[in-house]
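All remarks here apply to the structure that follows.
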2 protein chains.
Amino acid sequence: MRRGRPGKRAAILAAAGRVFGRDGYARAGIDAIAAEAGVSTRTIYHHFDGKDDLFSAVVTASTAQVADTLTELIAAHLNDPAAPPHRALVALAHDWIAAQAEFADHFAMVRQINIEATHVPAAALHTWHETGPARVMAALTNRLAAMARQGTLRVFDAERAASHYLLLTVAAIDAASYHGAVPLPAAETTAIITTGVTAFLDGYRPRAQDTA
Amino acid sequence: MRRGRPGKRAAILAAAGRVFGRDGYARAGIDAIAAEAGVSTRTIYHHFDGKDDLFSAVVTASTAQVADTLTELIAAHLNDPAAPPHRALVALAHDWIAAQAEFADHFAMVRQINIEATHVPAAALHTWHETGPARVMAALTNRLAAMARQGTLRVFDAERAASHYLLLTVAAIDAASYHGAVPLPAAETTAIITTGVTAFLDGYRPRAQDTA
DNA sequence: CCCAATCTGCCACGACCGTTGTACTTTAGC
DNA sequence: GCTAAAGTACAACGGTCGTGGCAGATTGGG
């Protein structure tokens with residue numbers, strides 16, 4: 001049974017997400033989280049065993065929420081495996097980026113986890129990966145494989161194709177915007193996504209008639 | 001004029017690079033760096049103004065070294081713009097990954113900078129970007145443009161093409177290996193690179209004759 | 001309304017760590 | 001070999017912060 005009042009607990013989780021996302025684990029202070037939540041520091045220790053426990057509770061909660069959101073986006077945009085791929089893949093990337101902005105705090109925490117992967121217990125890292133990224137990747141892989149079966153895509157390994165798609169769109173945006181730290185003009189965002197999807201579909205090898 | 005003896009200064013820089021890379025900025029202690037360098041903590045404050053100053057000195061030094069290494073790799077592997085691209089791009093990616101392993105501490109520090117981009121003075125971030133990534137990207141962009149002029153590649157925007165190449169190879173490896181935290185079997189490394197280069201060249205759109 | 005759980009404010013302990021002062025020893029160059 | 005710069009060992013200050021204790025206020029269910 002969880003300790004304390006659920007309302008307070010939810011407020012603490014939300015506030016901790018904001019503070020951890022903004023300041024990072026090390027910089028984030030229990031006092032700051034308590035103030036943000038409108039709660040006394042003592043109450044935080046009523047609900048959680050300490051800073052580590054609070055952090056992992058926040059991450060597991062937001063991980064599930066984000067994974068749900070992203071899998072829904074995938075299902076919505078790639079529901080028709082016979083549809084022309086360019087338009088759907090561009091639209092999906094746009095919404096994906098929007099989700100990253102909406103859950104910016106979550107992704108900031110995840111980046112910290114990845115950076116400190118060496119200092120994080122391997123078991124926690126593994127369970128996080130299973131409930132989050134692996135779930136989303138499986139959904140995306142599944143849809144790309146369906147598109148391949150329809151002849152919409154030419155895919156040898158659907159999982160690698162999913163990786164490549166995300167790298168050329170989402171990761172490209174992340175790199176250009178310093179993971180959201182530097183805001184990107186909407187036009188540039190669109191340009192990165194469309195050129196990324198074009199590269200994903202067509203590649204950079206000269207066409208046969210070009211070499212003439 | 002730099003303070004202190006150059007030998008000690010070099011030892012401090014090297015040790016600080018190792019400790020910062022291994023433990024991260026926050027976790028890294030001046031005492032640990034001093035011990036690693038075989039130097040008293042007081043000597044560190046003789047050479048540098050403090051932890052921040054030491055960190056930025058380490059980063060600027062290794063940034064120049066890494067940028068040199070990578071631009072040399074680019075020049076060596078893409079020296080012939082008329083050569084078949086697949087082989088050269090795969091070989092370059094392999095050596096690039098090897099360089100990332102060799103300078104693992106540097107890249108660990110860079111990742112920290114990127115994560116904490118919000119908390120780093122914008123001027124320092126900008127000069128770092130100019131002397132490091134921007135230099136390397138310019139070199140790679142230049143070579144891809146040359147290949148495009150030779151008809152080896154079909155490129156609209158050489159800089160985006162350079163990004164896409166790195167995303168599909170280097171970034172793919174980084175993501176799979178948690179930035180080097182989880183060692184990757186050599187076979188998997190090769191598979192990621194070759195499939196990445198194949199995607200870069202050929203994309204995923206069905207060939208005309210496939211749709212028959 | 002009452003009681004038990006919960007929450008609050010405040011204080012304090014203890015650990016960690018960056019930084020500095022000081023007195024002493026070592027090193028390098030003239 | 002002398003001298004000034006550089007390095008060392010050690011202790012201490014100061015700040016931050018996680019954590020817990022405690023007494024009293026508050027809250028919500030029976």
Side-chain angles (χ1 to χ4, degrees), chain A residues 1-59 108-109 112-113 115-116 118-121 124, chain B residues 1-59 108-109 112-113 115-116 118-121 124:
Chain A
M1 179 66 183
R2 281 170 175 163
R3 296 163 281 184
R5 285 198 249 277
K8 298 282 181 182
R9 184 189 166 91
I12 294 171
L13 280 175
R18 285 192 296 273
V19 176
F20 279 137
R22 168 166 29 93
D23 299 342
Y25 180 82
R27 250 182 276 267
I30 298 286
D31 291 4
I33 296 173
E36 178 94 9
V39 154
S40 87
T41 64
R42 208 63 194 73
T43 302
I44 294 183
Y45 287 95
H46 264 290
H47 286 264
F48 303 94
D49 287 336
K51 199 181 181 184
D52 291 7
D53 183 44
L54 174 58
F55 183 74
S56 83
V58 172
V59 170
M109 289 187 288
Q112 296 226 337
I113 293 176
I115 293 305
E116 312 252 330
T118 328
H119 310 293
V120 176
Chain B
M1 179 65 181
R2 281 170 174 164
R3 296 164 282 185
R5 285 199 254 277
K8 297 284 181 181
R9 184 187 166 91
I12 294 171
L13 281 174
R18 286 194 295 273
V19 176
F20 280 136
R22 170 170 25 97
D23 299 341
Y25 180 83
R27 248 182 276 268
I30 299 287
D31 290 3
I33 296 172
E36 178 94 9
V39 154
S40 88
T41 65
R42 207 65 190 71
T43 303
I44 293 182
Y45 287 96
H46 222 93
H47 285 264
F48 303 95
D49 287 336
K51 200 182 181 182
D52 291 7
D53 183 44
L54 175 58
F55 184 75
S56 83
V58 172
V59 170
M109 288 187 289
Q112 296 227 336
I113 293 177
I115 294 303
E116 312 253 331
T118 329
H119 309 103
V120 175

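Heavy-atom basis, side chains included; hydrogens, waters and symmetry copies ignored. In this text the structure is predicted, and so the values were computed from the model without any measurement.
Between A/Ala108 and A/Gly21, the shortest heavy-atom distance links the atoms CB-O, 3.5 Å. Minimum interatomic distance between B/Ala28 and B/Val19 (heavy atoms only, all atoms of both residues): CB-CG1, 3.7 Å. For the residue pair A/Ala34 and A/Ser40, the shortest heavy atom distance occurs at CB-C, 3.9 Å.
Atom NE2 of A/His46 is separated from atom CZ of A/Arg5 by 10.0 Å, given to the nearest 0.5 angstrom. To the nearest 0.5 Å, atom CG of residue A/Asp53 and atom CD1 of residue A/Ile44 are 12.0 Å apart. The line from CG of A/Leu54 to NE2 of A/His47 is 11.0 Å long, rounded to the nearest 0.5 Å.
Proximity of B/His46 to the phosphate of D/dA5: no side-chain N or O atom is located under 4.0 Å from OP1 or OP2. Between D/dT8 and B/Thr43, a contact under 4.0 Å exists linking OP1 or OP2 to a side-chain N or O.
Residue pairs meeting the side-chain hydrogen bond (donor to acceptor under 3.5 Å, both in side chains) criterion with at least one member in residues 6-21 of chain B, sequence neighbours excluded: B/Arg18-B/Glu36.
Note on the helix from C/dC1-D/dG30 to C/dC30-D/dG1: terminal axis deviation equals 30°, with five pairs used at each end and the result rounded to 10°.
Contact check for B/Phe48 versus B/Val58: no side-chain heavy atoms found under the 4.5 Å cut-off.
Note on A/Gly38: only backbone sugar-phosphate atoms sit closer than 4.0 angstrom, heavy atoms only; bases stay farther off.
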Reading nucleotides 12-30 of chain D from 5' to 3' and marking B where a protein heavy atom lies under 4.0 Å of the base, S where only the sugar-phosphate is that close, and - otherwise, the string is ------SBBBB----S---

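Residues passing the salt bridge (Lys or Arg N to Asp or Glu O under 4.0 Å) test with B/Asp49 are B/Arg3, sequence neighbours excluded. Take A/Phe55 and apply the ring-ring contact (aromatic ring centres under 6.0 Å, His included) test, not counting sequence neighbours, and it matches A/Phe20, A/Tyr25.
The outermost nucleotides of DNA chain C lying under 4.0 Å from heavy atoms of chain A, listed 5' to 3', are C/dT6 to C/dG9.
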